[in-house]
Amino acid sequence: MNNKVAETRAKYFVKDGVAVVGGMNSELQKVPRGYIQSEVGIVPADWQVLDISQFSKTGSGTTPSRAQEERYFRNGETHWVKTTDLNNSVVANTEDMVTDLAVKETCLQVYPIGTVLVAMYGGFNQIGRTGLLSIPAAVNQALVAVQVNKHVDSRYLLNMLNYKVEYWKSVASSSRKDPNITSSDVKNFKLALPKLRQEQTAIANALSDVDALITSLEKLIAKKRAIKTATMQQLLTGKKRLPPFDILNNKDGTPRYKQTEVGEIPEDWDVVGLGFLFESNINRRRLSGQDDVTFVGMQDVTEGARIASSHKIKYAEIKSGFTYFEKNDVLVAKITPCFENGKGGYADVIATQVGFGSTEFHVLRAKAGVDSKYLYYFTNTTRFRSELEGEMVGSAGHRRVPFSSLQKYRITVTLNPREQSAIANVLSDIDKEIDALENRLSKTQQLKQGMMQELLTGRTRLL
């Protein structure tokens with residue numbers, strides 16, 4: 001028996017009437033009746049495995065000279081797609097438009113509706129990003145444009161490319177220069193697809209329905225976040241008062257204000273340094289080396305200023321300089337990138353009573369009579385973040401906000417703890433709504449992944 005025959009028999013044999021893949025020393029993988037083992041895995045026997053080049057034609061584009069902005073971009077009428085315009089879904093608009101002269105003089109091709117786009121380079125977060133044109137458009141040189149023939153549903157191809165996005169990262173990581181893929185990689189990409197276009201369309205429709213739900217949830221979350229931002233602006237400045245604290249009104253119902261260094265504020269509010277609300281020193285509890293404590297790193301905090309995860313470690317493993325916090329303390333990131341992106345967390349989401357954080361956190365502990373959530377929401381206002389950016393000190397790339405700058409930051413505030421709590425509760429309720437929507441979005445995205453795994457491999461058939 002020659003080696004080739006031996007390898008074939010080792011890979012494929014029949015057991016109890018069912019084709020089996022694998023050798024004696026490997027985990028057996030059964031191939032169900034009606035399915036075959038292909039180059040891309042187990043697929044229905046009536047499906048086909050093709051390279052993209054076998055059912056499409058591909059092209060790319062270029063970037064007209066930015067030095068000729070007036071000639072090539074100003075008042076452009078043709079959409080021009082860059083990697084940042086791709087959203088792994090339908091492309092209905094672009095950041096830039098190019099002129100007819102740009103199309104003519106730079107040999108740009110305008111691709112029709114239904115063209116699938118794939119990003120070839122731009123870093124691992126952009127390689128393999130996709131888009132489906134719902135508008136005629138030209139593209140830049142970083143994209144491959146795939147025009148499928150009449151036997152293939154372009155939405156099916158889009159979903160398959162999105163399903164296999166991790167594959168592109170493995171291809172890109174093997175490149176000798178900067179990570180990238182090439183047009184040849186896209187042309188030679190193998191995928192399984194139903195021979196009947198009707199089945200491709202049925203799969204694409206099912207996944208599009210889930211995409212529509214995901215899009216609607218994302219829009220609702222964005223709307224809720226905008227409402228929260230507006231509500232914070234109104235409540236934390238006293239422009240809007242909650243009952244029963246709105247009694248200081250004129251006869252016509254308008255609030256009574258007084259003039260201060262920062263403008264008009266409610267008559268019963270004050271202007272203070274933020275440090276008036278939190279302790280300048282934090283005392284630690286006495287802990288033994290074996291006590292379990294929570295550790296929160298910068299990577300554990302979301303851009304929405306929430307603690308997404310934490311880790312349990314022994315107190316003996318804590319390094320000197322780590323920031324100590326307890327339940328209800330407010331964590332504010334002090335390093336430039338995180339601070340600008342709103343990094344920060346409200347520690348009462350952590351179950352343990354004590355924990356430690358990265359040295360890049362400031363810890364704010366509310367004074368007696370101050371609602372810590374009220375303090376937390378102040379640190380998450382756009383104005384607070386943007387104005388304190390100017391207080392950062394240090395060299396480029398390592399600038400930090402000093403603790404003293406937080407203390408001196410001037411704010412308008414109600415010193416009535418009941419009103420503070422009422423304001424914090426309103427904002428907290430909005431956060432709960434956002435959290436519920438984000439959880440629903442996450443579950444829907446997981447559902448889509450499961451559907452893709454079932455439908456794009458033929459495990460579940462729709463026809």
Side-chain angles (χ1 to χ4, degrees), residues 224-225 227-248 255 260 262 265-283 285 294 296 301-302 304-307 323-333 342-355 357 361-385 387-388 403 405-435:
K224 289 289 184 182
R225 286 176 177 162
I227 290 172
K228 176 186 171 183
T229 299
T231 304
M232 289 172 70
Q233 172 64 22
Q234 293 290 313
L235 295 182
L236 293 175
T237 60
K239 291 180 179 178
K240 181 177 180 180
R241 304 293 294 276
L242 298 171
F245 311 103
D246 55 355
I247 56 175
L248 287 177
T260 69
V262 296
I265 67 170
E267 217 172 56
D268 56 337
W269 281 38
D270 290 291
V271 178
V272 300
L274 185 64
F276 187 79
L277 304 182
F278 59 82
E279 302 287 352
S280 57
N281 294 298
I282 295 179
N283 295 322
R285 296 187 185 186
T294 297
V296 178
V301 183
T302 70
R306 315 298 283 276
I307 295 177
T323 52
Y324 171 86
F325 62 85
E326 294 182 6
K327 185 176 180 179
N328 294 331
D329 287 347
V330 179
L331 309 183
V332 177
K343 294 276 189 174
Y346 186 49
D348 70 355
V349 298
I350 299 174
T352 55
Q353 293 292 312
V354 62
F361 283 124
H362 288 306
V363 179
L364 312 185
R365 178 169 298 171
K367 288 182 177 179
V370 175
D371 189 294
S372 57
K373 284 187 179 180
Y374 182 74
L375 174 59
Y376 163 73
Y377 284 114
F378 255 117
T379 67
N380 279 274
T381 59
T382 301
R383 179 179 177 184
F384 173 81
R385 295 172 185 157
E387 290 185 356
L388 279 178
F403 188 70
S405 293
L406 298 182
Q407 292 175 307
K408 293 185 294 185
Y409 182 77
R410 303 291 283 175
I411 61 171
T412 60
V413 62
T414 173
L415 298 179
N416 183 337
R418 291 175 53 247
E419 186 172 12
Q420 290 179 10
S421 296
I423 292 171
N425 288 338
V426 169
L427 297 175
S428 181
D429 286 344
I430 298 176
D431 272 338
K432 289 175 183 176
E433 292 180 29
I434 294 173
D435 286 344

Open item on the list: Is there a side-chain contact between Leu364 and Asp329 in this structure, where contact means two heavy atoms from C-beta onward sitting under 4.5 Å apart?
Closed with: no
TODO: Would you name the heavy atoms of Gly238 and Pro266 that are closest together and state the gap between them?
DONE: O-CG, 3.4 Å
Open item on the list: Does any part of the side chain of Ile227, heavy atoms only, come nearer than 4.5 Å to the side chain of Thr229, both counted from C-beta?
Closed with: no
Open item on the list: For Leu277 and Ile411: C-alpha separation, side-chain torsions, deciding distance, then whether side-chain contact (heavy atoms from CB on, under 4.5 Å) applies.
Closed with: CA-CA 10 Å; Leu277 304 182; Ile411 61 171; 3.7 Å; yes
Open item on the list: Looking at every heavy atom in both Pro244 and Arg418, which two are closest together, and how far apart are they?
Closed with: CG-NH2, 4.3 Å
Open item on the list: In this structure, is the centre-to-centre distance between the rings of Phe361 and Tyr324 below 6.0 Å?
Closed with: no
Task: Single hit among Leu235, Asn425, Ile423, Leu427 for side chain to side chain contact (heavy atoms under 4.5 Å, CB included) with Tyr374 - done: Ile423
Open item on the list: Nearest 0.5 Å, please: how far is CD1 in Ile434 from NZ in Lys224?
Closed with: 8.0 Å
Open item on the list: For the residue pair Lys367 and Phe276, would you count it as a cation-pi contact if the rule is NZ or CZ under 6.0 angstrom from the ring centre and within 45 degrees of the ring axis?
Closed with: yes
Task: Aromatic contact, Phe384 with Phe378 (centres under 6.0 Å) - done: no
Task: Derivation of the side-chain hydrogen bond (donor to acceptor under 3.5 Å, both in side chains) call for Asn328 and Tyr376 - done: CA-CA 9 Å; Asn328 294 331; Tyr376 163 73; over 6 Å; no
- [ ] Count the heavy atoms belonging to other residues, nucleotides or ligands that lie under 6.0 Å from CZ of Arg383, then report whether that count exceeds 12.
- [x] no
Open item on the list: Quick one, Leu388 with Ser405, criterion side-chain contact (heavy atoms from CB on, under 4.5 Å). Give me CA distance, side-chain angles, the key distance, then yes/no.
Closed with: CA-CA 7 Å; Leu388 279 178; Ser405 293; 4.2 Å; yes
TODO: Please tell me if the side chains of Val271 and Ile265 come closer than 4.5 Å, counting only heavy atoms from C-beta onward.
DONE: yes
Task: Intermediate values then yes/no, side-chain contact (heavy atoms from CB on, under 4.5 Å), Phe325 and Val296 - done: CA-CA 10 Å; Phe325 62 85; Val296 178; 3.9 Å; yes
TODO: Considering non-hydrogen atoms only, spot the tightest contact between Thr237 and Trp269 and give its length.
DONE: C-CZ3, 3.6 Å
Open item on the list: Nearest 0.5 Å, please: how far is CG in Leu375 from CG in Leu274?
Closed with: 6.0 Å
- [ ] For the residue pair His362 and Leu406, establish whether any side-chain heavy-atom pair is separated by less than 4.5 Å.
- [x] yes
Open item on the list: Tell me the closest heavy-atom pair linking Gln407 and Ser280, and the distance in Å.
Closed with: NE2-CB, 3.7 Å
Open item on the list: For a side-chain contact (heavy atoms from CB on, under 4.5 Å) check, start with the C-alpha distance between Val330 and Val363, then their side-chain angles and the critical distance, and finish with the verdict.
Closed with: CA-CA 6 Å; Val330 179; Val363 179; over 6 Å; no
TODO: Check whether the side chains of Arg385 and Asn380 place a donor and an acceptor atom closer than 3.5 Å, and report yes or no.
DONE: yes
TODO: Looking only at non-hydrogen atoms, find the nearest pair between Gly369 and Pro417 and report the distance.
DONE: O-CB, 3.4 Å
Open item on the list: Is there a side-chain contact between Phe278 and Val370 in this structure, where contact means two heavy atoms from C-beta onward sitting under 4.5 Å apart?
Closed with: no
Open item on the list: Would Asp268 and Arg241 count as a salt bridge (charged side-chain N to carboxylate O under 4.0 Å, His left out) here? Give the steps.
Closed with: CA-CA 11 Å; Asp268 56 337; Arg241 304 293 294 276; 2.9 Å; yes
Open item on the list: I need the Asp371 CG to Ser428 OG distance, nearest 0.5 Å.
Closed with: 9.5 Å
Open item on the list: Determine whether a donor-acceptor pair (N or O, by modelled atom type, separation under 3.5 Å) exists between the side chain of Tyr377 and the backbone of Ser372.
Closed with: no
- [ ] Let me see the working for Lys228 and Glu433 under salt bridge (charged side-chain N to carboxylate O under 4.0 Å, His left out), right down to the final yes or no.
- [x] CA-CA 10 Å; Lys228 176 186 171 183; Glu433 292 180 29; over 6 Å; no
TODO: Kindly give the heavy-atom pair with the smallest separation between Lys373 and Ala424, and that separation in Å.
DONE: CB-CB, 3.7 Å
